[in-house]
Amino acid sequence: MKKLENQTAIITGSSSGIGQGIAIEMAKEGANICINYLSSEEGAEETQEEIEKVGGKSIIVQADTSKPKEVSNMFEQTIKAFGTVDIVVSNAGVQKDASFLDMSIDDWKSLIDINLNGQFICAKEAAKEFLRRGIVEERSKAAGKIICMSSVHDIIPWGGHINYATSKAGILMFVKTLAQELGKHKIRVNALSPGAIKTKINEEVWKDEESREKLLELIPYQRIGEPEDIGKAAVWLASDDSDYVQGQTIYVDGGMTLYPGFSDNG
Ligand code: BGC
């Protein structure tokens with residue numbers, strides 16, 4: 001039996017990058033997918049085609065995850081199509097980089113709105129649906145699973161990206177507190193913290209040879225990650241194989257969080 005057979009997953013920001021990788025891996029394991037996008041309908045259709053290739057079912061819903069009404073509409077549409085929601089991957093996020101002195105309050109606020117407030121809104125809708133439905137034993141031991149997308153920058157400070165690093169540090173405590181609060185309802189809440197994964201968000205770094213070499217100095221395992229690496233970890237976190245994992249942030253980063261600068265220094 002596939003690991004997510006007959007379960008339904010909403011994956012925000014799944015029209016590209018990590019979200020797309022998770023959608024495809026979860027579909028391979030039998031999950032029905034709600035593909036969510038903000039601006040790239042084309043990307044969402046690409047994800048849908050990939051899901052079809054692996055024999056999966058999906059719908060596409062446009063929604064801005066920082067807007068509660070749009071998020072509840074996304075849940076309604078998913079429930080209408082597939083009956084309920086078992087897994088929510090709160091993945092949608094952005095970078096709006098600037099040095100601290102150049103960063104505008106708008107770039108601070110709008111990023112926090114998407115990366116942090118958006119995850120609050122999605123988790124709340126998820127918890128409501130999981131509580132309404134309760135446990136369905138044939139599908140999963142848990143009443144539902146929330147997976148938040150964090151980053152290695154929830155613990156690695158990142159100059160020039162203070163809004164982003166702060167939003168992800170917020171997710172670290174959000175996940176722990178929510179897991180503590182919702183555990184008694186058999187709702188599991190965990191996070192994934194990717195390192196450098198080859199996506200559009202950081203293509204400037206991995207496309208250029210010189211900066212790619214510099215980036216590899218930060219990765220003990222000596223390769224840049226692929227969306228599939230995060231997809232496979234997300235499948236595990238959503239499945240009953242990780243049923244006793246609660247409130248954890250799992251670093252999928254080729255060792256980026258191991259202070260690589262200390263390997264021959266200090
Ligand atoms: C960022 C990427 C960056 C990676 C490692 C991620 O959270 O979105 O741009 O390459 O962290 O620094």
Side-chain angles (χ1 to χ4, degrees), residues 11-23 36-40 43 65-66 89-100 102-103 107-119 122 147-175 190-234 237 248-263:
I11 301 157
T12 68
S14 45
S15 53
S16 70
I18 289 175
Q20 185 175 66
I22 294 172
N36 157 257
Y37 74 98
L38 176 62
S39 52
S40 173
T65 53
S66 67
V89 185
S90 205
N91 164 77
V94 291
Q95 272 184 228
K96 292 176 186 236
D97 310 329
S99 69
F100 178 64
D102 288 336
M103 189 174 287
D107 277 354
W108 173 270
K109 279 188 180 167
S110 61
L111 183 138
I112 297 291
D113 216 22
I114 297 167
N115 288 16
L116 192 56
N117 302 346
Q119 296 218 31
C122 290
I147 300 173
C148 292
M149 197 50 62
S150 189
S151 160
V152 289
H153 298 296
D154 56 13
I155 52 165
I156 302 178
W158 201 17
H161 307 76
I162 197 167
N163 49 359
Y164 183 84
T166 305
S167 73
K168 297 302 186 182
I171 292 299
L172 190 72
M173 186 50 75
F174 177 75
V175 162
N190 293 289
L192 287 169
S193 281
I197 308 298
K198 246 184 231 166
T199 70
K200 241 183 266 157
I201 214 168
N202 56 3
E203 68 182 352
E204 266 173 43
V205 185
W206 53 263
K207 274 197 171 160
D208 171 72
E209 199 181 330
E210 203 179 310
S211 53
R212 192 172 55 242
E213 287 306 313
K214 238 178 117 198
L215 175 63
L216 282 171
E217 289 171 17
L218 298 176
I219 310 171
Y221 200 57
Q222 288 292 290
R223 78 168 168 87
I224 300 171
E226 302 288 340
E228 194 189 352
D229 292 311
I230 308 302
K232 289 187 187 303
L237 261 191
Q248 298 303 307
T249 290
I250 297 177
Y251 294 86
V252 185
D253 67 350
M256 195 176 235
T257 39
L258 303 175
Y259 298 97
F262 274 79
S263 64

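Values reported hereafter were calculated over all heavy atoms of this structure, with side chains retained and with hydrogens, waters and symmetry mates removed. First listed ligand is number 1; within each ligand, the first listed atom is number 1.
A donor-acceptor pair under 3.5 Å is formed between the side chain of Trp206 and the backbone N or O of Thr199. Formation of a donor-acceptor pair under 3.5 Å by the Asn36 side chain with backbone atoms of Ile11 is not found in this model.
Counting the atoms of ligand 1 from 1 in the order shown, those under 4.0 Å from a heavy atom of Gly195 are 4 (C), 5 (C), 11 (O). Those atoms of ligand 1 that come under 4.0 Å of a heavy atom in Ser151, given as number and element, are 6 (C), 7 (O), 11 (O). Close contacts of ligand 1 with Ile201, meaning ligand atoms under 4.0 Å from a residue heavy atom, involve 8 (O), 9 (O).
Here the protein heavy atom with the shortest distance to atom 2 (C) of ligand 1 is Gln95 OE1, 3.4 Å. Nearest non-hydrogen protein atom to atom 6 (C) of ligand 1 is Tyr164 OH, 3.6 Å. With respect to atom 10 (O) of ligand 1, the closest heavy atom belonging to the protein is Asn202 ND2, 3.2 Å.
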Taking it one step at a time, do Lys232 and Glu228 satisfy salt bridge (Lys or Arg N to Asp or Glu O under 4.0 Å)?
CA-CA 6 Å; Lys232 289 187 187 303; Glu228 194 189 352; 3.7 Å; yes
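Shown here for Ala196 and Ile224, the closest heavy-atom pair between the two residues is O-CG2, 3.4 Å.
When side chains are defined from C-beta on, Val175 does not count as touching Ser150, because their heavy atoms never get closer than 4.5 Å.
Within a 6.0 Å sphere centred on CD of Gln222, other residues, nucleotides and ligands contribute more than 12 heavy atoms.
When the heavy atoms of Met256, Glu204, Met149, His153 are ranked by distance to atom 12 (O) of ligand 1, first place goes to His153.
Among the atoms of Trp158, none of the N or O lies under 3.5 angstrom from an N or O of ligand 1.
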